[in-house]
Structures are given as C-alpha cells and as structure tokens.
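The structure appears right after this line, and notes come after that.
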Amino acid sequence: MTAGHAAIDEEAIDGGAVGCDLDPVAAGEASFGGESAAGAESFEEVLAAREREALEQRYREAAEAGDAGAASLLGALLLRRGDLEAAEPYLRRAAAAGLRAGANNLGVLLHQRGHRDEAGTWWREAAVAGSAPAAHALGLHLRDRGDEPAAEYWLLQAAEQGHTGGAYALGDLLEHRRDTARAERWFRTAAEVGHREAAYRLGRLREGARDSAGAEPWYRQAAARSHTAASLRLGHLLEARGEREEAARWYRQAAQAGEARAACALGFLLRDQGDAVGAADWWREAAEAGDGTAANALGALHDEWGETEMAQQWYRSALDAGDHNGAFNLGLMAAARGQEAMAEQWYRRAAYAGHREASNALAVMLLQRGDTPGAEPWFCKAAEAGSVDAAYNLGILHAERGELHSAQEWYARAAAEGHADAALQLGVAKERRGDLAAAAARYRQAAEGGSVEGAFRLAVLLERYEDETGGRGEDPERWYRKAAEAGHGRAQVRIGVRAAERGETEEAERWYRAAAEGGSRSGAFNLGLLLAREGGESEALRWYTVAAEAGHGRAALRLALVAARRGELREARVWCVRAAELGPVSVTERAERLLEALSAELSA
C-alpha cells in the first residue's frame with residue numbers, strides 16, 4: 001500500500017533489515033480462490049482470515065509485552081488497513097526504539113495526515129539508518145519543498161540500494177535539471193526491472209535524441225504493460241516507417257484505454273486506408289473526450305459528405321476544445337458559400353488566437369477588397385508565425401510598392417521553406433540582373449516544388465546554354481515536357497518546335513494542337529504551318545484565323561497572302577491591315593508592301 005509518494009516498510013521482529021516496498025495487496029492479505037454463485041466465502045478464505053487474525057493477535061500480544069519489532073509489524077499492518085489512529089502509537093514506539101521500518105512507516109502515516117514536516121523528520125532518521133524506501137520518500141519530500149540538491153542526494157541513496165522508485169524519481173529530477181545523460185542512466189536502471197513509466201521516459205529521451213531505433217524497445221516494454229502514452233508513441237513510430245497494421249494495433253490498445261490522441265491517430269490511419277466510416281467512429285470517440293483535432297477531422301469528413309450542419313457542429317466542438325482550427329474551418333466554409341462577413345468573423349477569431357493560416361486568409365480577404373493597410377499587419381503576423389504563404393504575399397506587396405529589396409527578403413524567406421512561387425520570383429529577379437546561374441538554381445527549386453512556370457523558364461535557360469555550348473549541357477526537354485504536360489502553352493509550343501526540327505511531325509502536331517486548343521496563338525499558328533506543309537490547307541486556314549484573331553501578326557499576314565493568291569483582294573486587304581497593326585516590325589513592313597500592291601491592283 002502506498003500513501004502519497006511514500007511506501008510502507010516492513011522488517012522482521014528480530015530487527016534484521018528486510019525493508020521493502022509492498023504491493024497494494026499486502027503480504028499476508030492475498031486472496032485465495034473465488035466465491036460460489038451465491039457469493040459464499042470458500043473454506044480457504046475463511047482459513048486465511050483466521051490466520052491473519054491470529055497473526056495480528058500474536059503481534060499485539062508481543063507489542064504489549066514491549067517487543068518493538070512486533071509493534072513495528074503491527075503498526076504496518078494497521079497502516080495498510082487504513083486504521084491510522086490505531087497504528088500511530090505502535091509505530092511511534094517502534095520508531096523511538098530505533099527501528100528504521102517503524103520510523104519510515106510513521107513518516108508514511110504522518111504524511112497521510114498532512115503533517116509533512118514531522119514526516120520528513122522520521123524519514124530522515126530511517127534513511128540515515130539505511131532504509132531505501134525512507135530515502136526515496138525523503139527525496140520526494142525535499143523535492144516538493146524546492147530543495148533539489150538535497151532531494152538528489154537522498155534519491156541517489158535510494159537508487160544505489162536498488163530501490164526502483166528511487167531510480168525513477170532520480171531520473172525524473174535529473175531530466176528536469178537537463179542532465180539527460182544521468183537521467184537516462186537511472187531511467188534505464190528502473191526500466192530494466194519493469195518500471196513502465198521509466199521505460200516510457202527512456203523511450204522519449206531516445207526519441208528526443210533522434211534515436212527512434214533506440215526508443216522503440218522501451219516503448220514496447222511500457223506498452224506491453226498497458227502504458228497508453230507509450231502505446232501511442234509506438235504507434236507513431238511504426239506508422240512513420242509504414243508498418244500500419246501493427247501501428248493500428250497499438251493505437252487501438254491505447255484508445256480502448258481512454259487515450260483520445262490514440263483514437264484520433266487511429267482515425268487518420270483508417271481514413272488513409274479508405275475506411276472513412278471506421279475513421280469517423282474513432283474520431284467521434286476522441287472528439288467526445290475533448291480532442292479538438294478529432295473534432296476538426298470529423299467536421300471535414302461531414303463537409304466532404306455534404307452534411308454542412310454536422311460539419312459546423314464538429315468545428316464548433318473543436319473550437320470549444322480550444323482548437324482554433326475549428327474557427328478557421330468555419331471561416332473556410334462561410335467563404336465557400338460567399339458569406340464574406342461571417343468568414344471574416346471566424347478568420348478574425350482564429351487569427352487573434354494566433355492561427356497563422358487564418359491570419360493569412362484574413363489578410364487576403366482584406367487585400368482583395370482594397371484594404372492594403374489593414375491586410376499587411378495580418379500578413380506580417382502570419383509570416384512571423386511561420387506561414388510561407390504570408391511571407392510570399394508580403395513579397396508581392398513590397399514588390400508592388402517598388403520596395404524590391406524588402407520584397408526579395410520575403411521571397412527568400414518563403415523560398416527557404418519550399419514555396420515554389422517565391423523561388424520563381426527570385427529567379428526572375430536574378431535573370432533580370434543577368435545572373436543566369438543563380439536564376440537557373442532558383443528556377444530549378446521552383447520547378448522541383450511544382451511550379452510550371454519555373455520548369456518552363458529553367459528549360460529556356462538550359463536551351464540557351466545548349467545553343468551556346470553546342471549541346472554539352474543538361475537537356476532542356478525534360479523540363480519543357482514537365483511544363484507542357486501541366487498545360488503550359490509556351491512549353492507545348494517549344495516541345496512541338498523541337499519535335500518538328502527532328503522531323504517528328506506527328507509529335508509536333510500533337511503538342512501544337514494541345515497548345516492551340518489551350519488558347520495559345522503561337523500554337524495555333526504553328527499548327528497551321530504544319531498542316532499547310534502536310535497538304536491540309538483548309539484546316540490550316542482555320543488555325544491561322546484563330547491565331548490572327550488572338551493577335552498573331554504573322555498569322556494575319558499568312559491569311560492575307562492566301563487570300564491574295566486566291567484573288568480575294570478585299571479579304572486580303574483586311575488581313576493586311578490587321579497584320580500591319582499587330583507586327584512585329586518585319587511583319588508590318590511586309591504587310592505594308594503587300595497592301596500597296598493590293599491597292600494598286602484594286603485601283604486598276
């Protein structure tokens with residue numbers, strides 16, 4: 001039986017030192033057998049009770065006859081039973097006789113009664129006499145009073161005598177004082193003899209040192225003894241390395257023991273495996289236990305299912321649990337429905353609580369309605385909290401004001417966190433200054449981060465280098481293709497041109513057509529040229545027209561020439577005028593010469 005943080009000590013009547021921590025079911029009080037269906041006591045239970053009564057009577061008779069050892073044992077027995085008033089005189093007699101078990105147990109009794117200072121006095125006497133439980137209790141008593149050096153001394157005495165609780169408490173104190181190497185040693189000492197909390201704490205220390213392999217066996221040891229936090233951490237480690245089935249087993253064990261975070265984690269695991277209904281069950285259990293993350297996940301799931309009211313209810317539950325993602329998500333829902341005033345209210349609530357994405361969303365909303373002065377502080381707050389989108393948006397704001405140095409600083413901050421568009425802006429700035437190597441590096445970063453424009457611009461620089469070196473550099477086509485496959489019109493045209501140069505007509509046509517159908521006037525014009533060369537003039541004219549109407553001067557000139565060749569002089573004149581207007585200079589000059597010839601022809 002334990003009282004507070006103290007443990008009852010028991011020694012033999014003859015005074016031999018057998019100090020030990022006892023389990024809640026004390027020696028001599030173990031249960032034997034079960035009850036019958038009617039609840040009657042078995043013969044063995046009756047016999048055991050009689051033996052206990054006889055033992056207590058022998059202790060009492062010996063104690064009354066002046067035997068201090070018997071007084072110590074009788075006091076311990078009564079203390080275990082919770083009869084403090086009856087136990088105290090016997091323990092005081094044993095303690096006064098110099099029995100360390102009696103002194104320790106008197107300290108336990110006094111501690112239970114709230115007489116902590118006197119308890120500490122008796123624990124000190126017992127600890128000095130060599131009682132490990134007393135040294136442990138005294139160490140914790142001194143720790144709670146703020147005397148950490150003295151606490152460390154006595155806990156060390158207990159730990160070095162093999163006291164498991166002392167070893168754990170010493171590790172706990174040392175970790176608090178940031179002496180992690182020594183803390184780990186004593187946690188290990190306690191864990192190796194089965195102390196589950198010590199095993200868990202040792203696992204956390206190893207994981208904190210980025211030694212997941214070293215943490216895992218300790219988490220396993222603690223989890224096998226039903227330590228819920230260890231089961232949760234073990235689940236995280238296993239899930240991180242892809243062992244989802246076993247991770248789910250440990251999450252489930254912790255969740256069934258009431259660990260809401262494990263129920264939440266199990267929900268995400270099931271969702272990722274396609275079991276949304278199973279995920280919802282575990283999220284609901286976690287959310288009802290006050291887990292805001294689970295409530296948000298439930299809200300998102302119901303929103304996905306089109307159950308708007310349920311989604312809002314769970315987002316509000318998340319907010320009630322102190323998770324301001326709930327307010328942010330309510331803002332997103334309102335914004336999606338066009339309820340801007342309500343969205344702003346939710347964003348503000350989350351933003352004032354420090355939610356960085358809500359701060360950024362609020363700033364974007366203010367910026368969109370022209371309130372730049374109101375938006376900028378929220379962008380700053382979000383960026384300082386780590387929002388890369390906000391840092392990028394600040395870069396745009398400063399660039400629009402002509403504050404290029406500040407803009408570059410914000411772009412650099414966002415790019416350092418992997419923001420592809422920020423890296424693209426840095427690349428553009430480097431290219432404008434003629435630093436093509438630095439520009440290529442930034443374009444590469446943007447492209448690898450998913451920026452289609454970054455991939456295209458990198459390909460352009462690589463192609464320039466290819467032309468300058470005779471093809472000794474990196475092949476740009478990989479990046480053109482990446483951009484083209486993502487629908488980048490200019491990249492599709494470049495892929496088409498390169499294919500045409502290799503004589504791959506079908507490949508060229510495929511990319512020109514993709515560009516043209518995506519609205520690229522150059523793609524439409526090049527497709528027209530290719531079709532004309534292949535004998536498809538009728539379709540070629542259609543694409544020339546598409547290109548010319550979109551502002552492509554060479555396409556307009558080509559239409560003028562075809563019309564003139566067919567004798568359709570008035571139509572030729574219309575396209576000539578259009579080509580002269582569109583340019584470029586070489587096209588304008590040719591169009592003007594053709595226009596003069598057409599005017600002469602029409603006059604004649």
Side-chain angles (χ1 to χ4, degrees), residues 420-421 424 427-428 431-432 436 439-440 442-444 446-448 450-469 471 473-562 575 578-579 581-588 590-591:
D421 288 336
L424 173 64
V428 170
E431 186 175 4
R432 284 173 181 164
L436 300 187
R442 286 299 188 180
Y443 288 151
R444 188 180 300 277
E448 290 174 347
S451 169
V452 176
E453 183 66 20
F456 172 71
R457 285 176 176 267
L458 175 59
V460 171
L461 287 186
L462 292 173
E463 187 171 29
R464 183 188 304 180
Y465 183 76
E466 182 182 61
D467 292 341
E468 292 172 354
T469 61
E474 180 183 351
D475 185 1
E477 192 150 332
R478 169 196 170 194
W479 297 105
Y480 275 138
R481 191 170 296 276
K482 183 173 183 178
E485 288 172 348
H488 193 288
R490 293 167 67 194
Q492 291 169 336
V493 172
R494 288 304 306 157
I495 286 277
V497 169
R498 290 171 71 87
E501 289 172 348
R502 295 193 297 266
E504 299 171 1
T505 305
E506 289 184 6
E507 178 77 353
E509 182 180 342
R510 181 169 75 87
W511 285 113
Y512 287 151
R513 191 175 295 279
E517 290 174 349
S520 168
R521 62 190 186 187
S522 293
F525 174 67
N526 285 3
L527 179 58
L529 288 178
L530 187 65
L531 291 168
R533 283 199 298 269
E534 296 296 313
E537 187 172 75
S538 176
E539 188 181 0
L541 288 173
R542 180 167 71 85
W543 286 111
Y544 288 151
T545 302
V546 169
E549 288 177 346
H552 196 287
R554 290 179 64 196
L557 180 59
R558 181 72 57 166
L559 286 168
L561 290 169
V562 170
W575 285 117
R578 181 68 172 148
E581 291 172 350
L582 294 173
V585 175
S586 59
V587 169
T588 299
R590 290 183 62 192

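Since the structure is predicted, the reported quantities are computational estimates derived from the model, not experimental observations.
The heavy-atom pair separating T588 from A579 by the smallest distance is OG1-O, 4.3 Å. Residues A540 and A532 share a closest heavy-atom pair of CB-N, 3.8 Å. Contact detail for V452 and H488: the closest heavy-atom pair is CG1-CB, 3.5 Å. Between V493 and Y512 the shortest heavy-atom distance is O-CE2, 3.7 Å. Minimum interatomic distance between A439 and G427 (heavy atoms only, all atoms of both residues): CB-O, 3.5 Å. I495 approaches R481 most closely through the heavy-atom pair CD1-N, 3.7 Å.
In this structure, S451 contributes its side chain and A447 its backbone to no donor-acceptor pair below 3.5 Å. Within the 3.5 Å criterion, the main-chain N or O of A499 finds no donor-acceptor partner in the side chain of E504. Under a 3.5 Å cut-off, the side chain of Q492 and the backbone N or O of A484 do form a donor-acceptor pair. Side-chain atoms of R521 come within 3.5 Å of backbone N or O of A550 as a donor-acceptor pair.
Salt bridge status for R510 with E506: absent, with no side-chain N to carboxylate O gap under 4.0 Å. Salt-bridge formation is detected for the pair R502/E477: a Lys NZ or Arg NE/NH1/NH2 atom is positioned less than 4.0 Å from an Asp or Glu carboxylate oxygen. Salt bridge status for R464 with E474: absent, with no side-chain N to carboxylate O gap under 4.0 Å. A salt bridge between E501 and R498 is absent, with no side-chain N of the basic residue lying under 4.0 Å from a carboxylate O of the acidic one.
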Next on the checklist: Using the rule given for side chain to side chain donor-acceptor pair (under 3.5 Å), can you reason through E431 versus Y443, listing the C-alpha separation, both sets of side-chain angles and the distance that settles it, and then say yes or no?
Outcome noted: CA-CA 10 Å; E431 186 175 4; Y443 288 151; 2.5 Å; yes
Checklist entry - Going through the checks in order, is the side chain to side chain contact (heavy atoms under 4.5 Å, CB included) test met by V562 and L541? => result CA-CA 9 Å; V562 170; L541 288 173; 3.7 Å; yes
Item to check | Test log, rule side chain to side chain contact (heavy atoms under 4.5 Å, CB included), inputs E509 and L531 | outcome: CA-CA 8 Å; E509 182 180 342; L531 291 168; 4.1 Å; yes
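Within a 6.0 Å sphere centred on CZ of R590, other residues, nucleotides and ligands contribute 12 heavy atoms or fewer. More than 12 heavy atoms of other residues, nucleotides or ligands sit less than 6.0 Å from atom CZ of R442.
Between Y544 and F525, the ring planes are tilted. Angles from 30° to 60° get that label.
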